[in-house]
Every structure is written in structure tokens, then in C-alpha cells.
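All values derive from a computational prediction rather than experimental measurement.
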Amino acid sequence: MTVPGLAVQSPDGLGRMYRRSLTADPSVPSITTVIAQQPLDLDGWRSYTAARHLADHPELRTALDSPARIRQLVRTAVDASEEYARSAAQRGDRVHSFAEQLALRELGRPHQLAEARELLRAHDEEGFALSVERWWESFGVEPIAAEQTVWNTSLGYAGTLDLVARINGRICLVDYKTKGTTRDGRVKPPDEKVAMQLVAGMKAEESVVDPAAGEWEPWKYGEDPLLIAVAVGETEFAAVRVNPDVRRHHWVTFCGLRRVWEARVEVAAAGRTLLPLPPPPPRVQLPADPTPAAAPPSVQGAGD
């Protein structure tokens, strides 16, 4: 996938950032970085992947009497789950690249569609390319822009939309999600958080014209577009649209997450959170006074 030159990974762990030009410093978080402030528990999925790898391991039965060997197999299972996640991300990049090259071809611009298809074929993933093409044909997609970088100054964020297109006369903002298939061969649907991602793109204020020079223009396609997420599977595609009635709620949530990200930046800049605490010095014992204290005067007979 073409990585926008305006996007860079923050070295201080604050996520993906955008800059106004190729020579400027990054100044705002990406849409996906903002959304990532929302807790997302992947422990269950990773645990299941690792457990499945361990249960299917051919050496499991013979290793049951060796604790050391069991620990080694568990480590192998954890590594396998992490590799699965990396492979899925790389597959998503290849599918997005194919979809982008298809749009560039239809726009009459230079493209590498054949190379993108060959890369999928080399990984035995050409079915995903066929699903993208079926989506284009079924919906009569008329591309306007591919991998369009947008910016919102008022809230402070930026992002890159997979596709801006016209479908049946309606302006559409499109996001692709590469998904696996169920046991009956159906593609898995997109996660609902894609609605927030698309709404944030819709709420952009500018789009880039020349990234090298830092030239931007007012965002032309944010006036009530159709927001579409396309789940691209190996056997089929599934398109969904964001319900217009819920857009406002997702926008409010996104604005809140943007404030959470900013709070994290402020905390990181404030200095170390936890400081070492040594034990207190031993208490000084005062020497005992050898002179007995004088007895208080007797009050007996007072006033005699």
C-alpha cells in the first residue's frame, strides 16, 4: 500500500502522526491513533490463537511428561499467534494496495495493478483481488480519489481515506477491511468502529493537493456523503453503510477520544510518573535525662 509521506510513526509511543508538508514536523494524530485510545481487548483472540496452535502441535502428546518441553511449546504457540497477527496485517496491506491500483487505473493515472495482483497471487491470495473487482462491478464504482489524505484543524487530526467515489450518483467515502471467512465460506463483517473512522473522515476540513509543498484545499466531499465499509474476503465481499442516525454519536465519541490522546501527550511531557522512594532515615533516639523531674507543688492547704 502507498504509505502517505505526510504520515510518520511517533518515536515516543503516541501513535501515528501527520504533518502539513514533507518537511514539516508532525503535529496531529491520525484518525486510527485517536480511535485506538478506546480500550480494545485482543487478549482473548490472541490467547485462543496460541491455545489452538498448542493443541494442534504434533509434539504435544510426547511432551506432557517434560515441563521444560511444555514451556518451549507454549513459547512457540505465543510466537505463532504474534506471527499470525503480523501476517494478517501484511495481507491487508497487499489487498489495500490492489484496491488502490485498481482505482488509479480507472482514474487514468499511472498504476501497478498487474504487479499488485501478482503479489497477491504469490501469497495464494488472489481471491481477495477477485472480491474487490466484484465489488467494483456490482456497485458501478466511479472513483474520484484514492488514498486521499484529509485534515481537521479545529479538533486536530488527519487521516487517509481508502477511496472517494461516486456510486449511483451519490458521493461515497469508502473504507476497505480485509476479513477472514467463516466455516461456511461467508466473509466476516466489519467491526462497528469503522463507523467512527468514516465519520472522522467525513468531518475533515481540508484535503492535500501537494504534500511536498504543503498545499491544501477545502474538503469537497464532507457534505452528507454515503459512508461505506467493504469487507473483502477470499470468497466474497460484503458492503455495509453507516446509519446516518448514529453519525453524531460516533463523532462525539471520537472528539472525546481525541481529548484522551491529548491528555496522554501532556502526561508524557510532564515528566516521570513514578519516582523511586527510599526508606526513611532511622529515627534519632534522644539520651535519657538522669535528673528526676521535680514533683509539682502540693495544692494541699492552699489558701491556709
- Message: Any carboxylate oxygen within less than 4.0 angstrom of a Lys/Arg side-chain nitrogen, looking at Asp175 and Lys177?
- Response: yes

- Evaluate the side-chain proximity of His96 to Thr178: yes if any heavy-atom separation is below 4.5 Å, no if none is. yes

Under 3.5 Å, sequence neighbours excluded: what are the donor-acceptor pairs made by side chains of residues 210-219?
unit_1: Asp210; atom_1: OD1; unit_2: Ala212; atom_2: N; d: 3.0
unit_1: Asp210; atom_1: OD1; unit_2: Ala213; atom_2: N; d: 3.3
unit_1: Trp216; atom_1: NE1; unit_2: Arg20; atom_2: O; d: 3.0
unit_1: Trp219; atom_1: NE1; unit_2: Gly201; atom_2: O; d: 3.4
unit_1: Trp219; atom_1: NE1; unit_2: Met202; atom_2: O; d: 3.4

- Message: Is the shortest side-chain heavy-atom distance between Thr235 and Ser131 below 4.5 Å?
- Response: no

- Query: Do NZ/NE/NH1/NH2 and the carboxylate oxygens of Glu125 and Arg94 come within less than 4.0 Å?
  - Reply: yes

- Query: Taking the hydrophobic residues Ile, Leu, Val, Met, Phe, Trp and Tyr, and joining any pair whose side-chain heavy atoms are under 4.5 Å apart, which ones share a cluster with Leu274?
  - Reply: none

- Item | Closest contact, heavy atoms only, Leu198 versus Ala229 | CD1-N, 4.2 Å

- Close side-chain approach of Val265 and Leu14, heavy atoms under 4.5 Å: yes

- Message: Applying salt bridge (Lys or Arg N to Asp or Glu O under 4.0 Å) as the test, list every pair that has at least one member in residues 260-284; sequence neighbours left out.
- Response: Arg258-Glu262

- Taking side chain to side chain contact (heavy atoms under 4.5 Å, CB included) as the test, write out the residues that go with Ser21, two or more places apart. Thr23, Ala24

- Query: Any side-chain heavy-atom pair from Arg117 and Leu120 closer than 4.5 angstrom?
  - Reply: no

- NZ/Lys193 to CD1/Ile35 distance, rounded to the nearest 0.5 angstrom? 8.5 Å

- Of the non-hydrogen atoms in Cys255 and Leu155, which two are nearest, and what is the gap between them? SG-CD2, 3.8 Å

- Message: Taking side chain to side chain contact (heavy atoms under 4.5 Å, CB included) as the definition, give me every residue that meets it alongside Ile144, ordered by chain and number, with sequence neighbours left out.
- Response: Val164, Arg166, Ile171, Tyr221

- Query: With no hydrogens and no angle check, is any side-chain donor or acceptor of Glu236 less than 3.5 Å from a backbone partner on Val187?
  - Reply: yes

- Qualifying ring-ring contact (aromatic ring centres under 6.0 Å, His included) pairs with a residue from residues 231-252, counting only residues at least two apart or across chains: Trp251-Phe254

- Any chain of hydrophobic side-chain contacts (each under 4.5 Å) joining Val132 to Phe139? yes

- Min side-chain heavy-atom separation Val8-Arg16 under 4.5 Å: no

- Item | Residues which pass side chain to side chain contact (heavy atoms under 4.5 Å, CB included) with Asp184, listed by chain and number, not counting sequence neighbours | Thr182, Arg186

- Item | Min side-chain heavy-atom separation Ile167-Ile228 under 4.5 Å | yes

- Any Leu257 side-chain heavy atom under 4.5 Å of Met196 side chain: yes

- Message: Hydrophobic cluster membership, with links at side-chain heavy-atom distances under 4.5 Å among I/L/V/M/F/W/Y: are Val28 and Leu6 in one?
- Response: yes

- Query: What residues, two or more places apart in sequence or in another chain, satisfy side chain to side chain contact (heavy atoms under 4.5 Å, CB included) together with Glu205?
  - Reply: Asn152, Thr153, Ser154

Got a list of side-chain donor-acceptor pairs under 3.5 Å for residues 106-116, not counting sequence neighbours?
unit_1: His111; atom_1: ND1; unit_2: Leu113; atom_2: N; d: 3.2

- Item | Greater than 12 external heavy atoms within 6.0 Å of Arg241's CZ | no

- Charged N to carboxylate O below 4.0 Å: is that the case for Asp191 and Lys179? no

- Check whether Val194 and Leu173 end up in the same hydrophobic cluster, where Ile, Leu, Val, Met, Phe, Trp and Tyr are linked by side-chain heavy atoms less than 4.5 Å apart. yes

- Task: Might you confirm whether atom CD of Gln9 has over 12 heavy atoms from other residues, nucleotides or ligands at distances under 6.0 Å?
- Result: yes

- So, the side chain of His123 versus the backbone of Arg91: is there a donor-acceptor pair under 3.5 Å, distance only? no

- Task: Check Pro29 against Gly156 and note the closest heavy-atom contact, atom names and distance.
- Result: CD-O, 3.3 Å

- Message: Do Leu226 and Leu161 sit in one hydrophobic cluster, given that two such residues count as connected whenever their side-chain heavy atoms are within less than 4.5 Å of each other, even indirectly?
- Response: no

- Task: Quick one: closest heavy-atom pair of Val150 and Ala204, and the distance?
- Result: CB-CB, 3.5 Å

- Item | Residues clustering with Val240 (ILVMFWY side chains joined when closer than 4.5 Å, directly or via others) | none

- Query: Taking the hydrophobic residues Ile, Leu, Val, Met, Phe, Trp and Tyr, and joining any pair whose side-chain heavy atoms are under 4.5 Å apart, which ones share a cluster with Val260?
  - Reply: none

- Message: Pair Arg247, Val242 - check side chain to side chain contact (heavy atoms under 4.5 Å, CB included), show working.
- Response: CA-CA 7 Å; Arg247 289 179 182 177; Val242 177; 4.3 Å; yes

- Message: If the test is side-chain hydrogen bond (donor to acceptor under 3.5 Å, both in side chains), which one of Thr160, Thr149, Thr33 qualifies with Tyr18?
- Response: Thr160

- Message: Are the side chains of Val232 and Phe98 in contact, using a 4.5 Å heavy-atom criterion?
- Response: no

- Heavy-atom nearest pair, Asp162 first then Tyr176, reads OD2-N, 2.8 Å

- Search all heavy atoms of Ala103 against all heavy atoms of Ala146 and return the closest pair with its distance. CB-CB, 3.7 Å

- Item | Under 3.5 Å: donor-acceptor pair, side chain of Ser138, backbone of Arg134 | yes

- Tell me whether Leu104 is reachable from Leu102 by hopping between hydrophobic residues (I, L, V, M, F, W, Y) whose side-chain heavy atoms are closer than 4.5 Å. no

- Query: Other than Val267, which residues form its hydrophobic cluster under the rule that side-chain heavy atoms must be closer than 4.5 Å?
  - Reply: none

- In Å and rounded to the nearest 0.5 Å, what is the CZ to CD distance from Arg170 to Glu142? 14.5 Å

- Would you say Trp151's side chain and Arg19's backbone share a donor-acceptor pair under 3.5 angstrom? no

